[in-house]
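Here the structure comes first, spelled out in structure tokens, and everything after it is commentary.
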Amino acid sequence: MPSLKDLRKRVASVKSTQQITKAMKMVAAARLRRAQEAAERARPYAGKLSEMFRAVVADLGEEAHPLLARREERRIDVVVLTSDRGLCGGYNANVLRLASSFLREKAGAEVSLYVVGRKGLEYFRRRGPSPTSEKTGVANEPIVEVAREVAARVTERFAADETDAVYLIYSRFRSAIAQIPSVVPLLPVPLETEGETGPAVDYIFEPPRAELLGALLPRYIEAQILQALLESQASELGARMTAMDNATRNASDMIDRLTLQMNRVRQATITTELMEIVSGAEALKG
């Protein structure tokens with residue numbers, strides 16, 4: 001049984017840890033509100049841009065732009081969005097588990113990994129396949145610039161016929177306690193979505209559609225990646241807030257258990273000392 005001194009040290013240590021987890025929860029909650037608002041504000045923009053894109057590509061074929069070309073998926077690029085820091089529950093583990101499962105499904109293809117976030121980079125360096133491109137420190141850079149950099153990288157490779165398809169794996173934000181790991185085909189850009197019959201309005205385009213498509217397609221890819229980055233940031237903060245809240249409650253429960261054990265040890269010590277005093281007094285009498 002641990003001594004009274006050891007138990008007091010453990011209680012002090014757990015209380016110190018509890019203060020840290022409580023502070024991290026408050027910081028994550030404050031940042032989550034802004035990240036959630038940013039992700040929700042970006043959704044209408046991404047939706048409207050997708051609607052505009054579908055109107056432009058209506059009745060156009062794959063030959064209208066290199067990013068629309070469909071080829072047999074012998075070589076694929078996979079962009080995986082993770083975080084740079086841990087202590088966010090199962091956020092990274094869920095995304096990486098989905099990425100590993102997806103890579104097993106595509107085992108017959110030549111895969112090039114583009115990993116965003118230090119946690120994903122460390123994971124794939126240990127378990128393979130080794131990433132061919134990486135991006136860390138996203139939180140310290142403007143997120144629009146990060147999205148533009150990633151979009152430029154994947155579109156350049158696809159247009160140069162260095163890859164046949166590009167997939168994006170990230171965690172979609174639903175709430176602070178629910179994040180959904182998702183796989184999204186990024187390139188080639190789909191000409192139409194299943195169940196859709198085309199634009200409801202007959203648009204007149206200026207400049208001509210082919211020229212407009214050349215300017216719109218890179219912006220469309222950037223918007224998709226930017227939306228995924230915003231969703232990932234909100235998911236990370238939501239998972240961290242939930243994890244730190246659970247850690248704070250667990251610390252409280254541990255402190256209660258340790259305090260109860262400490263009181264029992266102290267009571268047993270006092271009882272032992274009283275018995276020794278009584279025994280000594282009886283020995284002196286007799």
Side-chain angles (χ1 to χ4, degrees), residues 62 67-138 146-147 149-175 177-195 221 224-236 238-240 242-243:
E62 300 176 11
L67 298 184
L68 300 177
R70 274 155 177 75
R71 302 185 284 267
E72 183 181 353
E73 295 186 5
R74 298 176 182 174
R75 303 158 300 173
I76 63 173
D77 285 7
V78 181
V79 182
V80 183
L81 305 184
T82 61
S83 68
D84 286 316
R85 298 189 301 154
L87 297 177
C88 48
Y91 166 73
N92 288 306
N94 292 334
V95 172
L96 294 172
R97 188 181 301 115
L98 177 62
S100 298
S101 175
F102 179 77
L103 292 177
R104 285 194 297 270
E105 293 176 5
K106 299 292 183 179
E110 179 184 342
V111 178
S112 296
L113 270 179
Y114 190 164
V115 179
V116 178
R118 186 170 57 84
K119 289 298 179 180
L121 181 61
E122 293 174 351
Y123 176 88
F124 285 111
R125 278 180 174 173
R126 289 194 307 267
R127 305 192 181 190
S130 182
T132 55
S133 301
E134 61 188 68
K135 179 69 178 176
T136 57
V138 174
V146 176
E149 179 182 338
V150 176
R153 167 75 177 175
V154 297
T155 53
E156 180 182 351
R157 281 177 53 81
F158 187 85
D161 198 13
E162 296 178 4
T163 184
D164 301 318
V166 179
Y167 291 88
L168 181 63
I169 300 178
Y170 70 101
S171 185
R172 191 169 74 251
F173 179 81
R174 175 176 290 178
S175 68
I177 59 174
Q179 301 86 34
I180 306 172
S182 307
V183 179
V184 176
L186 197 61
L187 289 170
V189 178
L191 293 177
E192 61 182 15
T193 305
E194 185 178 353
I221 299 298
Q224 296 296 313
I225 295 175
L226 176 61
Q227 181 67 37
L229 286 168
L230 291 171
E231 299 274 352
S232 294
Q233 284 190 348
S235 297
E236 176 191 350
R240 178 170 291 115
T242 303

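The CD atom of Gln224 lies 8.5 Å from the CG atom of Leu168; values are rounded to the nearest 0.5 Å. How far CD of Glu73 is from CG of Asp164: 7.5 Å, rounded to the nearest 0.5 Å. Between atom CD1 of residue Ile225 and atom OG of residue Ser232 there is a gap of 11.5 Å, rounded to the nearest 0.5 Å. Residue Ile169 holds its CD1 atom at 9.0 Å from CG of Leu81, rounded to the nearest 0.5 Å. Remark: Leu229 CG to Tyr170 OH distance equals 10.0 Å, nearest 0.5 Å. Once rounded to the nearest 0.5 Å, the distance linking CD of Glu162 with OG of Ser112 reads 9.0 Å.
Scanning both residues, Pro129 and Leu113, for their nearest heavy atoms gives O-CD1, 3.4 Å. In this structure, Pro188 and Ala69 approach most closely via the heavy-atom pair CB-O, 3.2 Å. Closest approach of Gly117 and Thr136 over heavy atoms only: C-CG2, 4.0 Å. Nearest approach of Ala243 to Gly89, heavy atoms of both residues: CB-N, 3.6 Å.
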Pair Arg75, Asp161 - check side-chain contact (heavy atoms from CB on, under 4.5 Å), show working.
CA-CA 10 Å; Arg75 303 158 300 173; Asp161 198 13; 3.2 Å; yes
Set out, in order, the CA-CA distance, both residues' side-chain angles and the distance that settles side-chain contact (heavy atoms from CB on, under 4.5 Å) for Lys119 and Tyr91, then state yes or no.
CA-CA 11 Å; Lys119 289 298 179 180; Tyr91 166 73; over 6 Å; no
(request) Decide salt bridge (charged side-chain N to carboxylate O under 4.0 Å, His left out) for Glu134 and Arg125; before the verdict, give the C-alpha distance in whole Å, the side-chain angles of both, and the deciding distance to 0.1 Å. (result) CA-CA 11 Å; Glu134 61 188 68; Arg125 278 180 174 173; 3.2 Å; yes
Does Leu230 form a side-chain contact (heavy atoms from CB on, under 4.5 Å) with Phe173? I'd like the steps, not just the answer. CA-CA 9 Å; Leu230 291 171; Phe173 179 81; over 6 Å; no
*Under the side-chain contact (heavy atoms from CB on, under 4.5 Å) criterion, do Val150 and Tyr114 qualify, and how do the steps go?*
CA-CA 9 Å; Val150 176; Tyr114 190 164; 3.9 Å; yes
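Using modelled atom types, one side-chain atom of Ser235 and one backbone atom of Ser171 make a donor-acceptor pair closer than 3.5 Å. Using a distance-only test at 3.5 Å, with no hydrogens or angles considered, a donor-acceptor pair links the side chain of Arg70 to the main chain of Val189. Of the possible polar contacts, none joining the Arg104 side chain to the Ala99 backbone as a donor-acceptor pair under 3.5 Å is found. For the pair Asp84 (side chain) and Val138 (backbone), a donor-acceptor distance under 3.5 Å is present. Here the side chain of Ser101 pairs no donor or acceptor atom with the backbone of Arg97 at under 3.5 angstrom.
Within a 6.0 Å sphere centred on CD1 of Ile180, heavy atoms belonging to other residues, nucleotides or ligands number more than 12.
With sequence neighbours left out, Arg153 forms a salt bridge (charged side-chain N to carboxylate O under 4.0 Å, His left out) with no residue at all.
Residues Tyr123 and Thr82 bring no donor and acceptor atom of their side chains to less than 3.5 Å of each other.
The cationic atom of Arg71 (NZ for Lys, CZ for Arg) lies less than 6.0 Å from the six-membered ring centre of Phe158 and within 45° of the ring axis.
When Val184, Val115, Val154 are each tested for a side-chain contact (heavy atoms from CB on, under 4.5 Å) with Val79, only one passes: Val154.
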